[in-house]
Amino acid sequence: MPYFDTASAAPLHPVARQALLAALDEGWADPARLYREGRRARLLLDAAREAAAEAVGCRPDELTFTPSGTLAVHSGISGALAGRRRVGRHLVVSSVEHSSVLHSAATHEALGGSVSEVPVDRSGAVSAAAYAAVLREDTALACLQSANHEVGTEQPVAGVAEVCRAAGVPLLVDAAQSLGREPVPEGWSLLTGSAHKWGGPSGVGLLAVRKGVRFAVQGPADERESGRAAGFENLPAVVAAAASLRAVRAEAAAESVRLRALVDRIRATVPELVPDVEVVGDPVRRLPHLVTFSCLYVDGETLLHELDRAGFSVSSGSSCTSSTLTPSHVLRAMGVLSEGNVRVSLPNGTSGQDVDRFLEVLPRVVAEVRERLGAPVGPPRETAPAGTRVVDALGKRCPIPVIELAKVIGDVPVGGTVTVLSDDEAARLDIPAWCAMREQEYVGEEPADRGSAYVVRRLS
């Protein structure tokens, strides 16, 4: 069964498994103790730190192992903000950061700090100029991911780092998605990563803080990991994480070329095989193993279940697969279609045969889901005399409001309008996206007694 969700968690690398088993026998003692077993454990911990620091491009004493990548982000942001509190309490993040960054920003704001979100373009990328425009005298920290976890778009880290350096603002780079696959971006002041993203064991993150960056650890003091990560180190997992990071980075150059070719095949072939699909993310400046596309008139949760039944493990940023029933903050920030969203992220070793079989299965699965939902087939019907229509889609979730719009657009003449009443948050994103794909005019959103009224004018 092909596993195509390595952006969530990569399969354990063989080197990680070997290192983990060996360290279970040799690294169980307290590395802070001076007796034989403790010294042996300390040697393993020091070697792991040196290997990880070499892969990241920092000094060993600049790198801390944490219990997770999320905690590395939280600790990095809180520590940098506290260390520069005399400068100010202004934090800058992009609108498509990982939730761990956005949750830290929300906590900072709740405690009286200020936060600026830098918007992205339709490919999901920020610009250095946009970061420069929001930096202030009281900016304590800026954050930017190396590459987006949902759509794979690589960010201009070096350019943003340059404007931050000119302003005297440290830059925290969340490199979780790229650390095992791409060269480490230049110019960072703090960097975070997560072992389960590159084939290491879960429960290990890393936080690197450059010398000279003001940093004040938050929370109760602890003597381990320079006080930056409290508690006894999970030494076997740390050893396995460092060993696998070194291994995947050694394999990355060759494997990235191969996986990029497979993803290029998916990007080019899916729109040819499946009608009404939007492939999102930058087509060139992107991670080599990841592609995301959205299918009109498809329930994302059903689509993922059907692909799972067909033998493919994929994920989604669609609102239909979220417990909150709200669109992915990444897709919303990009202004792209969110319904029927599929993220394919290929692990190392994925075969061309597996990709071909996925491309063979996908059109049938999408067609079956659309038929089940009663989605329209073909172009709009010939115009009817009525000049306007109102579609009541209140209480109905994605993709039903868009399906109902598509069914009735042919009931109005060219120049006529259709008003869709919807209380589904996804409609705010998906109806304009449908208009762009169908070359109809999105007039705008109007207030309604319940939800919102979305007005569409028929152009063809």
Side-chain angles (χ1 to χ4, degrees), residues 56-58 62-64 66 68-120 126-149 155-176 178-179 184-194 205-219 226-229 329 333:
V56 168
C58 68
E62 293 175 325
L63 188 140
T64 299
T66 65
S68 70
T70 293
L71 188 60
V73 168
H74 291 171
S75 300
I77 292 176
S78 64
L81 289 172
R84 287 174 48 83
R85 59 186 176 276
R86 292 185 179 179
V87 173
R89 302 194 65 193
H90 180 230
L91 172 66
V92 177
V93 301
S94 85
S95 59
V96 293
E97 293 299 312
H98 188 268
S99 58
S100 60
V101 174
L102 298 183
H103 290 161
S104 288
T107 297
H108 175 63
E109 198 167 28
L111 294 174
S114 60
V115 177
S116 293
E117 276 197 10
V118 179
V120 297
V126 302
S127 70
Y131 263 76
V134 299
L135 295 177
R136 310 185 320 210
E137 290 186 359
D138 65 336
T139 302
L141 178 67
C143 300
L144 179 63
Q145 59 194 197
S146 57
N148 187 260
H149 51 287
Q155 301 292 0
V157 173
V160 172
E162 185 175 345
V163 301
C164 287
R165 188 183 306 112
V169 175
L171 177 66
L172 182 148
V173 173
D174 171 18
S178 68
L179 198 51
V184 178
E186 297 181 356
W188 57 269
S189 306
L190 303 95
L191 183 138
T192 63
S194 188
L206 60 83
L207 167 63
V209 182
R210 292 286 193 199
K211 293 293 183 183
V213 175
R214 292 187 177 276
F215 192 90
V217 178
Q218 299 301 286
S226 302
R228 293 178 180 174
H329 71 278

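Every residue two or more places apart in sequence or in another chain that forms a side-chain contact (heavy atoms from CB on, under 4.5 Å) with His98 is listed here: Ser100, His149, Asp174.
Taken to the nearest 0.5 Å, the CD atom of Gln155 stands 7.5 Å off from the CD atom of Glu97. Here NE2 of His74 is found 10.0 Å from OG1 of Thr192. Values are rounded to the nearest 0.5 Å. Here the CG-CD distance, from Leu91 to Glu117, works out to 10.0 Å after rounding to the nearest 0.5 Å. Separation of atoms CG (Leu179) and OG (Ser146) is listed at 7.5 Å; rounding is to 0.5 Å. Note that CG of Leu141 and CZ of Arg89 are 13.0 Å apart. Values are rounded to the nearest 0.5 Å. Arg214 CZ to Arg86 CZ: the interatomic distance, rounded to the nearest 0.5 Å, is 7.5 Å.
A heavy-atom distance below 4.5 Å is not found between the side chains of Val118 and Val93. The side-chain heavy atoms of Ile77 and Cys143, taken from C-beta on, include a pair separated by under 4.5 Å. Counting heavy atoms from C-beta on, the side chains of Ser75 and Gln218 never come closer than 4.5 Å. At least one side-chain heavy atom of Val56 sits under 4.5 Å from a side-chain heavy atom of Trp188.
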> Do Val157 and Leu144 pass the side-chain contact (heavy atoms from CB on, under 4.5 Å) test, and can you show the C-alpha distance, the side-chain angles, and the key distance before you say yes or no?
Replying inline: CA-CA 7 Å; Val157 173; Leu144 179 63; 4.2 Å; yes
> Under the side-chain contact (heavy atoms from CB on, under 4.5 Å) criterion, do Val213 and Leu190 qualify, and how do the steps go?
Replying inline: CA-CA 8 Å; Val213 175; Leu190 303 95; 4.1 Å; yes
>> Would His108 and Leu81 count as a side-chain contact (heavy atoms from CB on, under 4.5 Å) here? Give the steps.
In response: CA-CA 9 Å; His108 175 63; Leu81 289 172; 3.6 Å; yes
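Look at Glu62 and Lys211 and you find no salt bridge, because none of the NZ, NE, NH1 or NH2 atoms lies under 4.0 Å from a carboxylate O.
Each of Leu63, Leu172, Leu206 was checked for a side chain to side chain contact (heavy atoms under 4.5 Å, CB included) with Leu191, and the lone residue meeting it is Leu206.
With a 6.0 Å radius and a threshold of 12 heavy atoms from other residues, nucleotides or ligands, Glu186 has its CD atom at or below the threshold.
When atom types are taken as modelled, the side chain of Arg165 and the backbone of Pro170 share no donor-acceptor pair closer than 3.5 angstrom. When atom types are taken as modelled, the side chain of Gln145 and the backbone of Ala175 share no donor-acceptor pair closer than 3.5 angstrom. Side-chain atoms of Tyr131 never come within 3.5 Å of backbone atoms of Val126 as a donor-acceptor pair (strictly under, hydrogens ignored). Using modelled atom types, one side-chain atom of Arg85 and one backbone atom of Ala82 make a donor-acceptor pair closer than 3.5 Å.
A donor-acceptor contact closer than 3.5 angstrom links the side chains of Ser114 and Arg136. Side-chain contact, Ser95 with His329: no donor N or O sits under 3.5 Å from an acceptor N or O.
The two atoms that bring Leu207 and Ala72 nearest to each other are CD1-O, 3.9 Å, heavy atoms only. His90 and Ser116 make their closest contact through NE2-OG, 2.8 Å (heavy atoms, listed as atom of the first residue, atom of the second, distance).
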